[in-house]
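I have placed the structure first, in the form of structure tokens, so that the comments after it can refer back to it.
Chain identifiers are assigned alphabetically (A, B, ...) following the order of the sequence lines, protein sequences preceding nucleic acid strands; residue numbering begins at 1 within each chain. No hydrogens, no waters, no symmetry mates; every other heavy atom, side chains included, goes into these values.
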4 protein chains.
Amino acid sequence: MNQAVQKQQPQENRQGAVLDAAATLFSKNGYEGTSMRDIASASGMLAGSIYCHFSSKEDIFLSVQREGIRQLSEAVNAAIDGISDPWERLENACAAHAKVLLDESDFAAVLLHVTPSRNRDVWDQLAALRDEYEQVFRQLVDDLSLPAGTNRKYLRLAILGALNWSHNWYRPGRDDPAEIARGMIRLFRIQLQEQA
Amino acid sequence: MNQAVQKQQPQENRQGAVLDAAATLFSKNGYEGTSMRDIASASGMLAGSIYCHFSSKEDIFLSVQREGIRQLSEAVNAAIDGISDPWERLENACAAHAKVLLDESDFAAVLLHVTPSRNRDVWDQLAALRDEYEQVFRQLVDDLSLPAGTNRKYLRLAILGALNWSHNWYRPGRDDPAEIARGMIRLFRIQLQEQA
Amino acid sequence: MNQAVQKQQPQENRQGAVLDAAATLFSKNGYEGTSMRDIASASGMLAGSIYCHFSSKEDIFLSVQREGIRQLSEAVNAAIDGISDPWERLENACAAHAKVLLDESDFAAVLLHVTPSRNRDVWDQLAALRDEYEQVFRQLVDDLSLPAGTNRKYLRLAILGALNWSHNWYRPGRDDPAEIARGMIRLFRIQLQEQA
Amino acid sequence: MNQAVQKQQPQENRQGAVLDAAATLFSKNGYEGTSMRDIASASGMLAGSIYCHFSSKEDIFLSVQREGIRQLSEAVNAAIDGISDPWERLENACAAHAKVLLDESDFAAVLLHVTPSRNRDVWDQLAALRDEYEQVFRQLVDDLSLPAGTNRKYLRLAILGALNWSHNWYRPGRDDPAEIARGMIRLFRIQLQEQA
DNA sequence: AATGAATGAGGCTTCATTCAT
DNA sequence: GATGAATGAAGCCTCATTCAT
């Protein structure tokens with residue numbers, strides 16, 4: 001996976017190294033499939049040493065997800081910056097979303113591992129983070145001119161669902177994230193746009 | 001959750017009892033969050049006894065998923081039986097898919113727990129099962145009359161993705177699975193149908 | 001240490017073996033100084049196997065203490081059985097108490113390791129057990145004819161305290177538990193008996 | 001707990017701060033229940049920094065106990081100073097002993113946590129310290145006029161045992177240390193004294 | 001078919017201590 | 001004197017699985 005967006009501080013930053021390693025492992029093996037020892041050895045330390053930087057495995061998980069959301073937000077915001085056409089804005093946002101999620105960031109990929117955390121606090125924090133991120137898409141959909149009666153909530157949820165779910169069938173060499181996103185948006189765009 | 005679709009053989013069928021218990025637990029707590037002891041005690045036996053009926057935890061998982069797919073197939077086929085209008089067929093199929101997935105079957109719900117199984121064999125078997133099930137949707141989409149150039153693959157994947165992902169935001173009392181499905185299909189339908 | 005009173009069921013009783021081992025280790029090394037692995041290897045099993053019989057380390061600790069109290073009760077009751085003179089009854093009870101505590105039972109010895117358990121439940125249960133056991137002594141002291149104004153509560157607490165504390169200076173070969181107990185009781189007895 | 005006797009050097013004395021913190025924590029949570037980090041953070045430093053002042057955790061423990069004994073000695077000596085009646089001297093000494101132990105000094109309270117140290121050296125040093133402290137009581141008991149044949153060793157050990165053990169049932173608001181001590185001494189005093 | 005004791009590996013975490021800065 | 005990151009061992013406990021009965 002392309003690490004361009006991923007690395008935080010490549011050297012002399014053990015905390016960043018732990019997060020990098022955790023992101024990669026979580027995204028590949030899931031939360032339960034990744035042990036503290038795995039994370040530790042992948043970041044060149046011993047398991048116990050991790051606790052100098054994070055208070056628990058869940059703390060790491062949460063930090064990874066936070067960073068994933070940060071990267072998504074950043075990419076999406078950059079993608080719509082300076083664009084004024086509403087459909088083009090949405091399409092660009094989705095392309096950026098898909099690219100980061102599927103191809104560029106292990107941090108973001110972890111967001112798709114819907115782990116029903118036993119810990120209620122953690123779950124609530126993550127839900128809040130996700131919700132905040134999706135605000136951008138709420139706005140983008142609201143800005144479209146659509147036929148009266150179009151259910152904008154379903155539109156937004158359908159778009160994000162279609163994109164997020166794609167990591168279940170996406171295959172790196174074969175598919176192209178941006179093209180997937182644009183292709184899907186156009187399914188809605190053509191007709192909804194013409195009608196308006 | 002409505003158990004109507006769910007129960008296999010109500011009594012004197014220990015194997016069915018194990019699967020029922022496993023489906024409920026897997027769908028609630030995930031694969032790793034469910035122990036063999038949990039499954040055993042929920043089906044009135046001891047952990048060791050399960051191995052009289054299943055060879056491993058993964059075997060149970062696979063059986064649950066198989067049954068989940070069977071239930072989905074059954075419901076979808078029943079929903080389109082006797083209907084001839086292509087869009088109506090698709091809408092009915094999606095409504096059935098959503099209902100079983102979100103509301104009626106713990107077996108089907110387990111399919112949404114995307115567990116990256118360490119075991120390649122298991123993963124391949126599940127992929128094949130899913131793929132077979134999705135054949136129906138491939139056909140349903142192929143049967144639509146659509147404007148030239150419409151990417152039918154993306155259409156199918158978008159629809160299924162949108163529906164499958166909805167279990168991440170669906171809330172039992174508040175939302176209605178069939179309505180979600182029909183609402184989303186209509187986003188595509190109205191215009192595509194007219195334009196074709 | 002003399003094991004006569006100690007063994008529960010010498011063979012084919014793994015639960016008893018665990019308790020025996022735990023009693024010996026706890027009495028020698030204390031609660032924190034004894035690991036589950038220590039107990040396991042001393043009873044010929046692996047650490048994990050212990051959990052077939054006990055739910056936690058604290059559960060073992062509590063079971064050991066319970067058995068210690070049972071042994072003390074048994075010995076004390078046997079020692080006063082058939083004796084009618086109140087002072088002789090008290091002396092015999094104390095001699096039995098001291099013998100079991102200092103010399104005969106690792107289970108009883110553990111009672112002297114006042115471990116401030118972090119767990120409130122456990123602490124309460126132990127307090128209740130101890131209290132129940134001390135009822136015998138309450139009765140024995142109440143049965144004495146004593147000079148008016150003698151504080152029977154302090155008398156009881158002083159006797160038990162003196163005996164219990166003796167394990168801090170007692171040395172197996174040099175001292176004799178029964179003699180210690182009788183010697184101490186006599187300090188009170190001679191005069192109090194005459195004066196009454 | 002009353003800190004009057006306790007504080008060593010209130011400020012700018014890190015070593016004293018560490019000991020104060022350690023005494024409080026050891027007396028409340030025991031030796032194993034107190035971590036170096038606990039001690040460090042309670043004395044406003046980090047775990048590593050403690051090693052500038054003490055060579056090990058056991059070193060701290062020993063220092064605390066030493067200070068506890070010093071405080072006990074000081075209080076006992078002050079309590080018998082200028083008193084000539086032997087029984088009154090003993091009673092005063094015991095009252096002082098009980099007050100410091102139960103109510104006034106966390107340092108002294110630690111002495112009652114009988115931790116069977118794995119380290120033989122440490123254990124021997126502590127035994128020597130205790131023994132030296134108990135010399136006062138040996139003398140006080142020797143000075144009593146008692147009936148011939150009275151076992152003075154048992155008398156001393158019974159008195160100290162009764163008092164030391166009282167921390168197992170003593171409750172701050174309800175009981176009064178000095179009264180406990182005087183009440184118990186009187187149990188011996190009345191009769192032994194009269195007989196002499 | 002079922003039991004239940006046992007295994008052996010591995011889980012997360014804590015801890016006293018060290019050491020370069 | 002003090003820091004704080006790191007160590008390495010050890011802690012309790014859970015788990016999927018096995019097997020004699």
Side-chain angles (χ1 to χ4, degrees), chain A residues 12-15 17-18 31-40 43-61, chain B residues 12-15 17-18 31-40 43-61, chain C residues 12-15 17-18 31-40 43-61, chain D residues 12-15 18 31-41 43-61:
Chain A
E12 281 313 315
N13 184 345
R14 321 295 283 117
Q15 191 155 330
V18 169
Y31 182 76
E32 320 267 5
T34 302
S35 75
M36 290 299 277
R37 275 189 258 270
D38 291 339
I39 298 173
S43 41
M45 346 173 53
L46 290 171
S49 310
I50 293 186
Y51 291 83
C52 295
H53 306 288
F54 299 92
S55 67
S56 68
K57 191 183 176 185
E58 242 168 12
D59 183 19
I60 298 178
F61 189 59
Chain B
E12 279 314 315
N13 184 343
R14 323 296 282 120
Q15 193 154 329
V18 170
Y31 182 76
E32 318 270 4
T34 302
S35 74
M36 290 296 273
R37 272 171 188 70
D38 292 337
I39 298 172
S43 43
M45 8 179 24
L46 289 163
S49 312
I50 294 186
Y51 291 84
C52 298
H53 306 286
F54 298 91
S55 69
S56 69
K57 190 183 176 185
E58 244 168 8
D59 183 19
I60 297 178
F61 190 58
Chain C
E12 281 313 316
N13 184 343
R14 322 294 282 116
Q15 191 155 328
V18 170
Y31 182 76
E32 320 267 7
T34 302
S35 76
M36 289 300 276
R37 274 189 260 270
D38 291 340
I39 298 174
S43 41
M45 348 173 50
L46 290 172
S49 310
I50 293 186
Y51 292 83
C52 296
H53 307 288
F54 299 91
S55 67
S56 68
K57 191 184 176 185
E58 241 169 12
D59 183 19
I60 298 178
F61 190 58
Chain D
E12 281 312 317
N13 184 343
R14 322 297 281 121
Q15 192 155 328
V18 169
Y31 182 76
E32 319 269 5
T34 302
S35 74
M36 290 297 272
R37 271 172 188 70
D38 292 338
I39 298 173
S41 85
S43 43
M45 4 177 32
L46 289 163
S49 311
I50 293 188
Y51 291 83
C52 297
H53 306 288
F54 298 91
S55 67
S56 70
K57 191 183 176 185
E58 245 169 8
D59 183 17
I60 298 178
F61 189 58

Roughly how many Å is it from CE in M45(B) to C1' in dA1(E), rounded to a whole number? 8 Å
More 5' along DNA chain E: H53(B) or R37(B), using each one's nearest nucleotide? H53(B)
Quick one: Y51(A) OH to dG4(F) C1', roughly how many Å, whole number? 18 Å
Flag for S56(C)-D59(C): side-chain donor and acceptor within less than 3.5 Å: no
To the side chain of C52(B), which of dT7(F), dA2(E), dA16(E) is closest? dA2(E)
Counting side-chain heavy atoms from C-beta on, which of dT14(F), dA16(E), dC12(E) comes nearest to M36(A)? dC12(E)
DNA chain F: 5'-proximal contact among G48(D) and D38(B) (nearest heavy atom): G48(D)
Between dA16(E) (C1') and E32(D) (CD): distance, integer Å: 12 Å
How close or far is atom C1' of dG1(F) from atom CD of Q15(D), stated in whole angstroms? 12 Å
Would you tell me if any nitrogen or oxygen in the side chain of R14(B) comes within less than 4.0 Å of OP1 or OP2 on dA2(E)? yes
Rounded to whole angstroms, how far apart are CG on N13(A) and C1' on dA5(F)? 13 Å
Distance, nearest 0.5 Å, that separates NE2 of H53(D) from CZ of R14(D): 6.5 Å
Please give, in whole Å, the distance from dT14(F) P to Y31(B) OH? 19 Å
Looking at dA9(E), which nucleotide sits across from it as a Watson-Crick or G-U wobble partner, both distances under 3.5 angstrom, or is there none? dT14(F)
Hey, does T34(D) reach any base, or is it just sugar-phosphate, or nothing, if we go heavy atoms under 4.0 Å? sugar-phosphate
dA1(E) -> Watson-Crick or G-U wobble partner, both distances under 3.5 Å, gives none
For the pair made of CD1 in I39(B) and P in dC15(F), what is the distance, rounded to whole Å? 11 Å
Most 5' of S56(A) and K57(D) on DNA chain E, judged by nearest nucleotide: S56(A)
Could you pull out the closest heavy-atom pair between D38(D) and G33(D), with the gap in Å? OD2-O, 4.0 Å
Nearest-angstrom distance from the residue atom CG of L46(C) to P of dC12(F): 15 Å
With heavy-atom distances below 4.5 Å as the criterion, would you say the side chains of Y51(D) and M36(D) are in contact? yes
Using a heavy-atom cut-off of 4.0 Å across all strands, would you classify S35(A) as base, sugar-phosphate, or nothing? sugar-phosphate
5'-most by nearest nucleotide on DNA chain F - G44(A) or S49(B): G44(A)
Watson-Crick or G-U wobble partner of dA20(E), both distances under 3.5 Å: dT3(F)
Are side-chain heavy atoms of Y31(C) and E32(D) found at a separation under 4.5 Å? no
